[in-house]
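Every chain is numbered from 1, with letters handed out A, B, ... down the list of sequences. These numbers were taken from a predicted model, which means no experiment stands behind them.
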Number of protein chains: 2
Amino acid sequence: MGALPGFGWRIGYLVWFLLDWGRLVSDLTLEDIAKKAGVSRSTVSRVVNDHPNVREDVRERVKEVIQSTGYQPHAAARSLASQHSWMVGLVLPRNVSSFFTDPYFPRLTQGIAQACNQHNYTLSLFLIGTKEDEEKIYPRVSRKGLLDGVLLQSDQIGDQLADQLIRSNIPLVIIGRPFSNKNVSYIDVDNTNSAFIAVSHLIRLGYKRIGTITGVPTRTVSLDRQEGYIKALIERGRDIDESLIVEGDFTEAGGYYAMQRMLPHKPDAVFAGSDTMALGAMRAVRETGLRVPEDIAFVGFDDLPLATLPEPRLTTMRQPVYQFGIKAVEILLDVIENGITPPRRVIMETELIIRDSCGASRRR
Amino acid sequence: MGALPGFGWRIGYLVWFLLDWGRLVSDLTLEDIAKKAGVSRSTVSRVVNDHPNVREDVRERVKEVIQSTGYQPHAAARSLASQHSWMVGLVLPRNVSSFFTDPYFPRLTQGIAQACNQHNYTLSLFLIGTKEDEEKIYPRVSRKGLLDGVLLQSDQIGDQLADQLIRSNIPLVIIGRPFSNKNVSYIDVDNTNSAFIAVSHLIRLGYKRIGTITGVPTRTVSLDRQEGYIKALIERGRDIDESLIVEGDFTEAGGYYAMQRMLPHKPDAVFAGSDTMALGAMRAVRETGLRVPEDIAFVGFDDLPLATLPEPRLTTMRQPVYQFGIKAVEILLDVIENGITPPRRVIMETELIIRDSCGASRRR
DNA sequence: CCAAAACCTGGAAGCGCTCCCAACCGCTAT
DNA sequence: ATAGCGGTTGGGAGCGCTTCCAGGTTTTGG
């Protein structure tokens, strides 16, 4: 360039020309629209943002220009000037390896995405895959000027990210019951009580040796459901047989192996901490030649679509997962738009769906 | 305010003070860092962006200040100035109602998210839920200054969004084979050939009446796999029996009902267009008292984790779904960073995984 | 030892928008 | 006629960053 200043200048001019041409074709700015409509930048901005105090005919005229040019405000510029990005983040933790195994997360994500669409927010997805991701996640999520708020699936014990986000003061809603009962908004079902109901149902049907397959012990959801199981037994004066409490990991395979471990202890009914595990467990039962529910009855948790498919159809606690997502977004947006309020706790309703696997129809 | 100008002024002052205090605590700007480090804004910017041409001791000093203050550049400001957002969008279409039924999409999403993490891009997720979403999606995705590029799952026939995005000139990679063979980059497996191989495998095992359960006919993936099925039969001089070609919809239930329709026509083997459908179909077979693979053999497509679980374990075409996601991101970033190049087509390898459901071990 | 080249640094002009403020308009009420 | 009042409008100062450019400093080679 230095050697050919004239040439460099020409190149520069050409580039300018191309850029400018590009701008005219598709990258119009507020200023351009203003010029075309014969008003000022401010007025166009008011029209775009539906402010009152614009004369009706002016508003029409500007809207027409916007229509005909296909003008769209520049997202980054708007974010910078307004300090508001209209984006929320969804963070799903690492040990949700079940992300693609258990339909729970896709379903949740769908609800969240749906609500974001409705409210015209953009959803960013942060899936933590590796250990390194986990270390870099906080700066990424909390980066200034990126997100207006974050949804965090977190019922892990000792979740550092949750702590960091709480301290960072970014609007936050946690999905699931956080382990240390901090000053956060969260949304969950009453897992303990739901499990209580499920197990009580089995007791009422007359089963004597009721086992449970729990989730990973590092999540409150597992703990809570196990607690509900124990409470239900104790309330009816039953003893707790530790050999009937086995650990799964919320996967089909986990349920399968857990059941294999439980079988020698002769359960006559099982409360599984998730439908996916129930399915695995029933497979294990079937393989030994025993029948569900005649020999071993089952109650699951979630009410996934696939719970209704196999024979016998699964009796299960229905969680409104999709509504979960919707509601979580609504709470978050409320916090974003109306400022920090006392933390909300929303507990959503569950419902026992009685089908075949619990043997209810057979026993009465 | 007008009535109490003095008060208004004081409020203003207070607000200024609070804002400024907030800034000092957590919302530092480049300028602040520059001041603290005794250099100019430009120099700090260079350090942050790893530009060369900064003296080593200066770089160190600035980095220290950044470390100790926890400074983070403002995402929106950076995007505005650099015309680069470091965000990519993933758009999943509406008729992927199977999003939460078929683990394919979660798995794909995971791969994509993983790659985004690796390259320090932020992923935005656009799930199209309703008809209205579909209408509003294009402006949302193409909004200026929001995304650097988009990944679109699109093998739907007549996908308008694909057309619009192609015309918009935003860097784009399509996941799946687009129906009208446009000038786009896309990534897919060779569905036709893969199906050909799967069906040839059944033929080789000696089955005479081989049926197929197809996906929805509005997606190229269904068409391609069906075509492979037909080609394989024709190549071996078999007749095509239309009653053995039934339509599913990529869901378990769809496979189940499809199989019920096919059963009266006495197939002795079935190639299912997806593992999920194969599972449903095998359930239908089991219910009639027939056995897999003794009475009817099965080959699926996808190699989902759950394909290995039930007895008999499913013989299937393995697709590298996760790698799909990774690769798609890599192509997209290449387009983003190196400008428009001739469209890339990447066809990924599949692999026939022989297990029990095809009866291979039994027949030889 | 000096000129040229290479390297470093700060200033300033944006990126495209929001929003405050002052000015202006056409009325009504005095 | 004129002050006063909403409603409406344009100008301008940012938002926090990147990047070009010019000037200053150091290094290099003859």
Taking NZ from B/K35 and C1' from D/dC17, how many angstroms apart are they, rounded to a whole number?
15 Å

With a 4.0 Å heavy-atom cut-off, tell me which residues in residues 47-64 of chain A come close to DNA chain D, sorted by residue number.
A/N53, A/V54, A/R55, A/V58

Please tell me if the side chains of B/E330 and B/H119 come closer than 4.5 Å, counting only heavy atoms from C-beta onward.
yes

State, yes or no, whether a side-chain contact exists between B/S124 and B/L147 at a heavy-atom distance under 4.5 Å.
yes

Without decimals, in angstroms, what is the distance between B/L30 CG and D/dG16 P?
10 Å

Contact nearer the 5' end of DNA chain C, comparing B/G38 with B/A77:
B/G38

Tell me which nucleotide among C/dT18, D/dC17, C/dC21 gets nearest to the side chain of A/R41.
C/dT18

Does the side chain of B/L332 come within less than 4.5 Å of B/V329's, by heavy atoms?
no

Is B/R61 reaching over with its side chain to a backbone N or O of B/A37, donor-acceptor style, under 3.5 angstrom?
yes

Euclidean distance, atom CD of residue A/Q72 to atom C1' of C/dC17 [Å, nearest integer]:
14 Å

OP1 or OP2 of C/dT18 less than 4.0 angstrom from a side-chain nitrogen or oxygen of A/S45, does that happen here?
yes

Using whole Å, report how far CG of A/L146 lies from P of D/dG16.
16 Å

Roughly how many Å is it from NZ in A/K144 to C1' in D/dC15, rounded to a whole number?
11 Å

Report which part of the nucleic acid B/S42 touches: base, sugar-phosphate, or nothing (heavy-atom distance under 4.0 Å, all strands).
base

With a cut-off of less than 4.0 Å, is there a side-chain N or O of B/T43 near OP1 or OP2 of C/dG10?
yes

Side chain to side chain contact (heavy atoms under 4.5 Å, CB included) partner of A/L151, the single match among A/L108, A/V173, A/V91
A/V173

Between B/E31 (CD) and C/dA12 (C1'), how many Å, whole number?
12 Å

Whole-Å distance, A/L80 CG to C/dC15 P, equals 14 Å

Using the six-membered ring of A/W86, assess whether NZ or CZ of B/R143 lies under 6.0 Å from its centre and within 45 degrees of the ring axis.
no

How long is the straight-line distance from CD of B/E135 back to CD1 of B/I137, given to the nearest 0.5 Å?
11.5 Å

Would you say B/Q83 places a side-chain N or O within less than 4.0 Å of OP1 or OP2 belonging to D/dC17?
no

Taking only side-chain N and O atoms of A/R78, does any of them lie within less than 4.0 angstrom of OP1 or OP2 on C/dG16?
no

Would you say a side-chain N or O of B/S40 is under 4.0 Å from OP1 or OP2 of C/dG10?
yes

Let me know the distance between CH2 of B/W86 and P of D/dC17, rounded to the nearest Å.
13 Å

With a 4.0 Å limit, can you tell me whether B/Y71 has a side-chain N or O closer than that to the phosphate oxygens OP1/OP2 of D/dG16?
no

